[in-house]
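By convention in this document, chain letters (A, B, ...) are assigned in the order of the sequence lines, proteins followed by strands, and residues within each chain are numbered from 1. Fair warning: this is a prediction, and the values are worked out from it, not measured in the lab.
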Number of protein chains: 2
Amino acid sequence: MPPIPELEVIRKAQILEAALKTISASGYANVTMDDICRAAGLSKGGLAHYYRSKNELFIAVFKEFFERIFQRSKQTMALYENPIDKLLSFDWLYDRNDPDVNVGYPVLFDCMSLAVREKEYRSLFHDWFENWVSLLKDAIDDGLKKGIFRNLDSESTARAISAVYQGIATRWYLDSASHPTEWAVESFKKAIKGLLLPNNI
Amino acid sequence: MPPIPELEVIRKAQILEAALKTISASGYANVTMDDICRAAGLSKGGLAHYYRSKNELFIAVFKEFFERIFQRSKQTMALYENPIDKLLSFDWLYDRNDPDVNVGYPVLFDCMSLAVREKEYRSLFHDWFENWVSLLKDAIDDGLKKGIFRNLDSESTARAISAVYQGIATRWYLDSASHPTEWAVESFKKAIKGLLLPNNI
DNA sequence: ACCGACCGACCGACTGGTCGATTTATAATC
DNA sequence: GATTATAAATCGACCAGTCGGTCGGTCGGT
């Protein structure tokens, strides 16, 4: 009998947290199970008790992380009323001091390179994209109803906006000296307004 | 004495080609030196004669590849006169039948995840970005001179356009079912025109 | 007594890099 | 032009180290 009924939930959370940090710091390819169990305060066998293989663990880590980011995006967006403000509410993605950002981008890039070849990771990405797009689409549909946007297809535009976010983020993260935060924020604002508004300023 | 004076050049090209294909097919993390020397038709020692370490070889592969893509971008762009056409001339990046594209994206994603942690790869990226941006900037400056663009900062806009290209490409490549080529081409056209033109259609 | 939780030594597979041996082709010498 | 010397080019067995996963065993609560 387990000493505490919720022990498995606690341990798994503790392992996922440790694994996320370790992967983010060292990179998927360099992380060993030893690193992770050390970070989680468990032995190799103890870790194996909860996640039978490296792949199983890593999938769980990525899933959990994407879910967290999605929830946060949702909550942040809900703080705004105006559709344009909603669509621009993701600027925390360009905040170098944000802990999710610091941990997130390294993991995201790792995950992308995995997704190229492993369909399990591709489907993870697909789900993430769809979640993100559905958030954006709702805001766009709202703006369309209120007549503040040009005539456009909301889903395809939502996909474009989400892609623009990520493209700018890639530059901003990998070559920060030439792509400062101000550039990132301004650029995505301009790009998004260029996509949505009936005429430019 | 070398049997043929240019042997080193020939061998290196042959190795880089084989390495690029192998890395693209299996992924940076999974490729072994054995795989590469087999693909290059050399022994382990033979490969070591030209590239002393895995890292040295891989850096060379990436450098060569980026250079090739840059040259091709330059040539393709030169086919057009109109600045807008020049800026839209990168649509071959969204062609699934293009050999450079098929080989390129897997390598690009690998390279990005490496760039997160290794400054050598980051500087590779930086150079690539700068090359790309300078191409775009020239076209934008031309458009500004001709008065067909709105008032804008050409360098910062060039960076934005290049980022948008890549962001859309990421979606298009990793989740093609939901992001077909038509979406990619249309989206980047709209985004770029939204960034540049004084008013939208 | 039983069982889940956990430990850590160990195994087998793999990998990057080394190194002495071998081949190959030119250059020097007679 | 035959022979020898020389140095690059190439080979592949081998080494040392790493890593994921296993497994027999311990411990503590029930």
Side-chain angles (χ1 to χ4, degrees), chain A residues 1-62 110-111 113-114 117-118 120-121, chain B residues 1-62 110-111 113-114 117-118 120-121:
Chain A
M1 294 290 111
I4 312 170
E6 331 82 46
L7 184 58
E8 182 170 345
V9 178
I10 295 174
R11 281 280 180 275
K12 284 199 169 183
Q14 159 189 355
I15 291 170
L16 290 181
E17 174 72 14
L20 179 66
K21 277 185 185 162
T22 314
I23 296 171
S24 174
S26 312
Y28 174 91
N30 305 314
V31 166
T32 70
M33 294 297 264
D34 271 328
D35 292 337
I36 293 175
C37 64
R38 218 174 302 134
L42 279 175
S43 72
K44 221 168 176 183
L47 178 57
H49 183 72
Y50 294 100
Y51 292 98
R52 268 170 302 181
S53 77
K54 192 179 182 179
N55 194 53
E56 185 183 327
L57 169 60
F58 279 29
I59 290 278
V61 169
F62 291 133
D110 271 345
C111 201
S113 72
L114 288 167
R117 292 168 195 96
E118 317 228 11
E120 211 165 357
Y121 286 91
Chain B
M1 294 289 111
I4 312 169
E6 330 83 47
L7 183 58
E8 183 170 345
V9 178
I10 295 173
R11 282 281 179 276
K12 284 199 168 184
Q14 159 189 355
I15 291 169
L16 289 181
E17 175 73 14
L20 179 66
K21 277 186 184 161
T22 314
I23 295 171
S24 174
S26 312
Y28 174 91
N30 305 315
V31 166
T32 70
M33 296 297 264
D34 270 327
D35 292 337
I36 293 175
C37 64
R38 218 173 302 134
L42 279 175
S43 71
K44 223 169 175 187
L47 178 57
H49 183 72
Y50 293 100
Y51 292 97
R52 268 171 303 180
S53 77
K54 192 179 182 180
N55 194 53
E56 184 183 327
L57 169 60
F58 279 30
I59 290 279
V61 169
F62 291 134
D110 271 345
C111 201
S113 72
L114 288 166
R117 290 166 196 97
E118 317 229 13
E120 210 165 356
Y121 286 92

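When the P atom of dC6(C) is taken as reference, atom CG of Leu47(A) falls 11 Å away, rounded to whole Å. The interatomic distance linking Asp34(A) (CG) with dG17(D) (C1') rounds to 14 Å, in whole Å. Here the C1' atom of nucleotide dT15(C) and the CG atom of Leu57(B) are 15 Å apart, to the nearest Å. Residue Asn55(B) contributes atom CG, which lies 12 Å from atom C1' of dG16(C) at whole-angstrom precision. A straight line from OH of Tyr51(B) to P of dT10(D) spans 13 Å, rounded to a whole angstrom. In this structure, CG of Asn30(B) is placed 15 Å from C1' of dA13(C), rounded to the nearest angstrom. For Arg38(B) and dG16(C), the CZ to C1' distance is 14 Å, given to the nearest whole Å. As a whole-Å value, the separation of Phe58(B) CZ from dT15(C) P is 12 Å.
Checking dC11(D), dC7(C), dG20(D) against every side-chain atom of Ser43(A), the shortest atom distance belongs to dC7(C).
Within the 4.0 angstrom heavy-atom criterion, only backbone atoms of the sugar-phosphate kind lie near Leu42(A); the bases stay farther away.
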Secondary-structure string, 5' to 3', Watson-Crick or G-U under 3.5 Å, | for another-strand partners, for DNA chain D
||||||||||||||||||||||||||||||

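Looking at every heavy atom in both residues, Ile23(B) comes nearest to Tyr28(B) through CG2-N, 4.0 Å. Across Tyr50(A) and Lys12(A), no two heavy atoms sit closer than the pair O-CE, 3.9 Å. Annotation for Val31(B) and Thr22(B): closest pair CG2-O, 3.5 Å, computed over non-hydrogen atoms.
Side-chain contact between Leu42(B) and His49(B) is absent, with no heavy-atom pair separated by less than 4.5 Å. Using a 4.5 Å cut-off on side-chain heavy atoms (C-beta onward), Leu114(B) and Phe58(B) make no contact.
Contact annotation: Tyr50(B) reaches the phosphate of dT10(D) (side-chain N/O to OP1 or OP2, under 4.0 Å). Within the structure, every side-chain polar atom (N or O) of Lys44(A) is placed at least 4.0 Å from both OP1 and OP2 of dG8(C). The side chain of Arg11(A) places an N or O atom within less than 4.0 Å of a non-bridging phosphate oxygen (OP1 or OP2) of dC6(C). Dashed line: the shortest gap from a side-chain N or O of His49(B) to OP1 or OP2 of dT10(D) is not under 4.0 Å.
At distances below 3.5 Å, at least one donor-acceptor pair connects side-chain atoms of Arg117(A) with backbone N or O atoms of Ser24(B).
Nearest-nucleotide positions on DNA chain D place Val31(A) closer to the 5' end than the other of Gly45(A) and Val31(A). Residue Thr32(A) is the one, among Ala48(A) and Thr32(A), whose nearest nucleotide of DNA chain D lies closer to the 5' end (criterion: closest heavy atom).
Between atom NZ of residue Lys44(A) and atom OG1 of residue Thr32(A) there is a gap of 7.5 Å, rounded to the nearest 0.5 Å.
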